[in-house]
Asker: 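Pasting a structure below so you can have a look.
The model shown is predicted, which means the values in this text are computed figures rather than measured ones. Residue numbers begin at 1 in each chain, while the letters A, B, ... track the order of the sequences.
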Amino acid sequence: MFPMFGTQLIDDYARHISDEKQTSVLNGAAAGTAKRYQVLYQDYADPDALRRLAGAIKDHTLQHLGTYLSQAEQALTARGVQVHFAETDEDARQTILAILRQHEVTRLTKSKSMAAEEIHLNAFLIANGVACLESDLGEFIIQLDDDIPSHIVKPIIHKNRREIANTFLREGVAADYNDDPQTITRRARVFLRKKYMDAQACITGANFLCADTGRMVVVTNEGNSRFGLAPVPLHIALVGIEKLIPGERDLAVFLNLLGRSATGQQLTVYTEFINGARAAGQADGPEQMHVVFLDNGRSKVLASNCREILRCIRCGACQNICPIYRQASGHAYRSPYGGPIGAVLTPLLFGDRFPEFADLPKASTLCGACNEVCPVDIPIPDLLLRLRDKAKRESIPSPAAIPMAPFATLATSPALWRTAMTMSKAMNYLPLQIAPIKPLQDWLGQRTLPPSKGGEFRKWLKARAKPEDRRTPRSQTEDRR
Amino acid sequence: MSRAAIFRKIEAATAAIKVKAARPDYAAAITHAAPKLAGGDLLEIFARNLAAVSGRTMRSVAELLAFLTANKQCHGYCDPALYERVGAPLAAAGLTVETAYDRTRYDDYQFGITQASGAIAESGSLILDDERTSRRLAALSPWIHVAVLEPAAIHRTIGDALAALGASPNIIWVTGPSKTADVEGILIEGVHGPGEQIALVL
Ligand code: SF4
């Protein structure tokens, strides 16, 4: 019933990826990294200060999550929103299905939501007789292909225009083959707006939920959640409990970082603030709104020594910059969350299946670039080490158990490695010192390395050498210029 | 059932955290994008930033009329409250202007004219508020969306606009035309929403 994730270990997957897919991922990721850098640094003299602040706000919220969650619940209820809690993925699916059945909904559109991906909501609803159509262009194409998104914000980063044109032809979205991106987009526009108007409900995720007022923020560039919500009487929002922020004021910090980090935009085109059903007198918009708060392992992560990962605002910047992600693609991580965020989050979220995912934290060169681009300053390399440690303590055997195994993978295709590194700032952080394989060290050593900008990596390495409690984010313990 | 279990787990997890941080206090200025705010006049800053995301600012109904006719966009919707000022002059020039939006004919409307409740200079965003927008769909389904904006309603920064959100159940900030880069990273405007976003300043 559920879309199948592969079972290949990440190294193995990376070794067998097709050139075509690899090129698509690499180009998309490199472009994302470049745009983010340009826009963030042109607008802020010290973007790191903003990233640290965002991380601190999230940390504070998570440390007081019970208080904020109940505050949000009260505020939402006062606005006439029906609030539900789902402890597990199954609880969430059943809760949503029950609401839909109560309203006799048989067709709906769904705006892109990572939480919904995580609980395989689409496949479940379809299996239960509810036609559930993805409305984000990328997710729509994924659904037509019965594929799996390989990037948090660019779900079809692994596909090229020819594949999409063929899909549209095969699935009857288009009458003929045309691979011009503009034509592809127009065809989706025509196809999907019929579905929006015909739908009976809309399911969305949420990017943020303000505890003070219960106001929820959903951002899209395409306008799909706006269009999905406008004509229908019922809105169901699936919201991870880690999406809370204390107040509306804090949105200035997060919105400014999210757009820039995700797509190199100052703000995402449509930033929608939802605080209940439509206004009296407004002809469009839902008459009823439900919020389903999803735990599904988050409270366990909160109790772990990796709780910083819950700060994540799903921007995809760490995926774009990661040399392993660029090489292996998001699919190699066997969950909706690929790249550095996935390497940490997946083994934690699916905690009861930890051994199955214990290879993921090893899929990193620990180059530190993911931390430096992260808008909420998550010390991802530290968290990866803690998880490796957990795997070691629990003596989980794995064919990929050699530390730094990805180096071996990358060494098998030096050309790709070189391209990945040249096209990113990551070259600066290449951790020569920790490359475990002698020939690889020699090979890497022959490359001329440009000077590191600010020596962040060396600083990080130095800080790592100290056996202090790594639970404190390094940005708070370390003077960064 | 789930509720109690979730709160119990959260309480247990957070109770074990030894050092808890206070809610960070910060000056709004840390969020300001200084280069975006350069210049004196709010309307000028707004127009510049809207242009940077390929939106247009127009200063008169005559300018709008010229744009619509040049692009052969002759049939649209206008908020009844704006009809006298905007819709009627367009109709007088021969355009078809409806003041009721019929959702069964959503593709008939080439342009939609609605009221903006404000704007943000820093980002070039238009603010549409359910309590002042006559029809959400009319601002969404046409290829061209015209938001009528009063210059006095322009906020300087994103932070200022957040502070003024008020109690409306639905507010949207629109920053330029609807867009995607899903296909090979190539930017395409006009995905589900408008391909042209116009601020008509009156
Ligand atoms: S971990 Fe940080 S960089 Fe990665 S997706 Fe989450 S917020 Fe973005």
Asker: Could you check whether any side-chain heavy atom of B/Glu189 comes within less than 4.5 Å of a side-chain heavy atom of A/Gln182, counting everything from C-beta outward?
Answerer: no
Asker: Counting heavy atoms not belonging to A/Lys300, are there more than 12 under 6.0 Å from its NZ?
Answerer: yes
Asker: Without hydrogens or angle criteria, can the side chains of B/Thr180 and A/Glu222 be said to hold a donor-acceptor pair below 3.5 Å?
Answerer: yes
Asker: Between B/Ile30, B/Ile186, B/Ile172, which shows the greatest number of heavy-atom pairs under 4.5 Å with chain A?
Answerer: B/Ile172
Asker: Between A/Arg215, A/Met197, A/Arg298, A/Arg226, which has the largest tally of heavy atom pairs under 4.5 Å with chain B?
Answerer: A/Arg226
Asker: Looking only at heavy atoms, what is the nearest atom pair of A/Asn275 and B/Ser168, with distance?
Answerer: CB-O, 4.1 Å
Asker: With chain A as the partner, which of B/Trp173, B/Tyr101, B/Tyr106 has the greatest number of non-hydrogen pairs under 4.5 Å?
Answerer: B/Trp173
Asker: Locate the shortest heavy-atom distance separating B/Arg103 from A/Pro231; write the atom from each residue and the value.
Answerer: NH1-O, 3.0 Å
Asker: Can you tell which part of A/Ile164 gets under 4.5 Å to a heavy atom of chain B, answering side chain, backbone, both or neither?
Answerer: side chain
Asker: Keeping the roles fixed (side chain from A/Arg161, backbone from B/Val183), state whether a donor-acceptor pair exists under 3.5 Å.
Answerer: no
Asker: Considering only heavy atoms from C-beta outward, does the side chain of B/Arg23 approach that of A/Asp250 to under 4.5 Å?
Answerer: yes
Asker: Side chain, backbone, both or neither: which part of A/Val153 has a heavy atom under 4.5 Å from chain B?
Answerer: backbone
Asker: Under 3.5 Å, side chain of A/Arg186 to main-chain N/O of B/Gly190, donor-acceptor pair present?
Answerer: yes
Asker: In sequence, state the C-alpha distance, the side-chain angles, and the governing distance for B/Ile10 and A/Leu302, and then conclude on side-chain contact (heavy atoms from CB on, under 4.5 Å).
Answerer: CA-CA 7 Å; B/Ile10 293 174; A/Leu302 188 64; 4.1 Å; yes
Asker: Quiz question: by atom type and distance under 3.5 Å, do the side chains of B/Thr31 and A/Asn256 form a donor-acceptor pair?
Answerer: no
Asker: Taking the side chain as every heavy atom from C-beta outward, state whether A/Ile274 and B/Pro169 have any atom pair closer than 4.5 Å.
Answerer: no
Asker: Is there side-chain contact between B/Asp182 and A/Glu139, with heavy atoms separated by less than 4.5 Å?
Answerer: no
Asker: Is it the case that the side chain of A/Asp284 and the backbone of B/Leu137 share a donor-acceptor pair, with hydrogens and angles ignored and the cut-off at 3.5 Å?
Answerer: yes
Asker: Do you know which two heavy atoms are closest between A/Ala279 and B/Glu131, and how far apart they sit?
Answerer: CB-CG, 3.8 Å
Asker: Based on non-hydrogen pairs under 4.5 Å, which of B/Gly185, B/Ala163, B/Pro24 is most in contact with chain A?
Answerer: B/Pro24
Asker: What part of A/Arg189 is in contact with chain B, defined as an atom under 4.5 angstrom from a non-hydrogen atom: side chain, backbone, both or neither?
Answerer: both
Asker: If I measure from the heavy atoms of chain B, does A/Ala49 come under 4.5 Å with its side chain, its backbone, both, or neither?
Answerer: both
Asker: Between B/Thr14, B/Ile171, B/Leu187, who has the most heavy-atom pairs with chain A when the cutoff is under 4.5 Å?
Answerer: B/Ile171
Asker: How about B/Asn170 and A/Glu272: does a side-chain donor come under 3.5 Å of a side-chain acceptor?
Answerer: yes
Asker: Return the option, out of A/Asn160, A/Ile141, A/Thr271, with the maximum number of heavy-atom pairs under 4.5 Å with chain B.
Answerer: A/Thr271
Asker: Heavy-atom cut-off 4.5 Å, strictly under: side chain, backbone, both or neither for B/Asp107 against chain A?
Answerer: side chain
Asker: Between A/Leu137 and chain B, with a heavy-atom cut-off of 4.5 Å, which part of the residue counts as in contact: side chain, backbone, both or neither?
Answerer: both
Asker: Is there a side-chain contact between B/Ile17 and A/Arg307 (heavy atoms, below 4.5 Å)?
Answerer: yes
Asker: Using a 4.5 angstrom heavy-atom cutoff, name the option from B/Ala13, B/Ser178, B/Ala28 with the most pairs to chain A.
Answerer: B/Ser178
Asker: Report the option among A/Pro181, A/Gly28, A/Ser24 that has the most heavy-atom pairs separated by less than 4.5 Å from atoms of chain B.
Answerer: A/Pro181
Asker: Counting only non-hydrogen atoms closer than 4.5 Å, does B/Ala167 touch chain A with its backbone (N, CA, C, O), its side chain (CB onward), both, or neither?
Answerer: both
Asker: About how many Å separate CZ of A/Arg162 and CD of B/Glu184, when rounded to the nearest 0.5 Å?
Answerer: 6.5 Å
Asker: Any chance you could measure B/Glu11, atom CD, to A/Leu69, atom CG, to the nearest 0.5 Å?
Answerer: 9.5 Å
Asker: Do A/Glu87 and B/Lys9 have side chains that get closer than 4.5 Å, going by heavy atoms?
Answerer: yes
Asker: Under 4.5 Å from any heavy atom of chain B, what part of A/Asp91 do you find: side chain, backbone, both or neither?
Answerer: side chain
Asker: Which pair of heavy atoms, one from B/Arg136 and one from A/Ala230, lies closest together, and at what distance?
Answerer: CB-CB, 4.2 Å
Asker: I'd like to know whether the aromatic ring centres of B/His192 and A/Tyr196 sit less than 6.0 Å apart in this structure.
Answerer: yes
Asker: Pick from B/Val174, B/Thr157, B/Leu165: which one has the most heavy-atom pairs with chain A under 4.5 Å?
Answerer: B/Leu165
Asker: What part of A/Tyr44 lies closer than 4.5 angstrom to a heavy atom of chain B: side chain, backbone, both or neither?
Answerer: side chain
Asker: Is it the backbone or the side chain of A/Leu255 that comes under 4.5 Å from a heavy atom of chain B, or both, or neither?
Answerer: side chain
Asker: A/Ser135 versus chain B, heavy atoms under 4.5 Å apart: side chain, backbone, both or neither?
Answerer: backbone
Asker: Which answer fits B/Pro177, side chain, backbone, both or neither, if we ask what part of it has an atom under 4.5 Å from a heavy atom of chain A?
Answerer: backbone
Asker: How long is the span from the OG atom in B/Ser134 to the CD atom in A/Gln282, to the nearest 0.5 Å?
Answerer: 7.5 Å
Asker: At a 4.5 Å cut-off on heavy atoms, which part of A/Phe140 comes close to chain B: side chain, backbone, both, or neither?
Answerer: neither
Asker: Counting distance only, does the side-chain N/O of A/Gln266 pair as donor-acceptor with the main-chain N or O of B/Glu122 below 3.5 Å?
Answerer: yes
Asker: Which pair of non-hydrogen atoms, one from A/Glu73 and one from B/Arg3, has the smallest distance, and what is that distance?
Answerer: OE1-NH2, 2.6 Å
Asker: Quick check with a 6.0 Å cut-off and a 45 degree axis cone: is A/Arg249 positioned over the face of B/Tyr26's six-membered ring?
Answerer: yes
Asker: Which answer fits B/Val19, side chain, backbone, both or neither, if we ask what part of it has an atom under 4.5 Å from a heavy atom of chain A?
Answerer: backbone
Asker: Can you tell which part of A/Ser70 gets under 4.5 Å to a heavy atom of chain B, answering side chain, backbone, both or neither?
Answerer: both
Asker: Using non-hydrogen atoms only, which part of B/Ser141 is less than 4.5 Å away from chain A: side chain, backbone, both, or neither?
Answerer: both
Asker: Check this for me: does any side-chain nitrogen of one of B/Lys20 and A/Asp59 sit under 4.0 Å from a carboxylate oxygen of the other?
Answerer: no
Asker: Based on non-hydrogen pairs under 4.5 Å, which of A/Ala252, A/Gly247, A/Gly223 is most in contact with chain B?
Answerer: A/Ala252
Asker: Identify which part of A/Lys58 has an atom lying under 4.5 Å from any heavy atom of chain B, answering side chain, backbone, both or neither.
Answerer: neither
Asker: Going through the checks in order, is the side-chain contact (heavy atoms from CB on, under 4.5 Å) test met by A/Tyr270 and B/Leu140?
Answerer: CA-CA 11 Å; A/Tyr270 291 94; B/Leu140 201 57; 4.3 Å; yes
Asker: For a quick test of reading the model, state the closest non-hydrogen atom pair linking A/Leu267 to B/Ser125 and the distance between them.
Answerer: CD1-OG, 3.5 Å
Asker: Side chain, backbone, both or neither: which part of A/Glu248 has a heavy atom under 4.5 Å from chain B?
Answerer: both
Asker: Non-hydrogen atoms of chain B under 4.5 Å away: do they reach the side chain of A/Leu257, the backbone, both or neither?
Answerer: neither
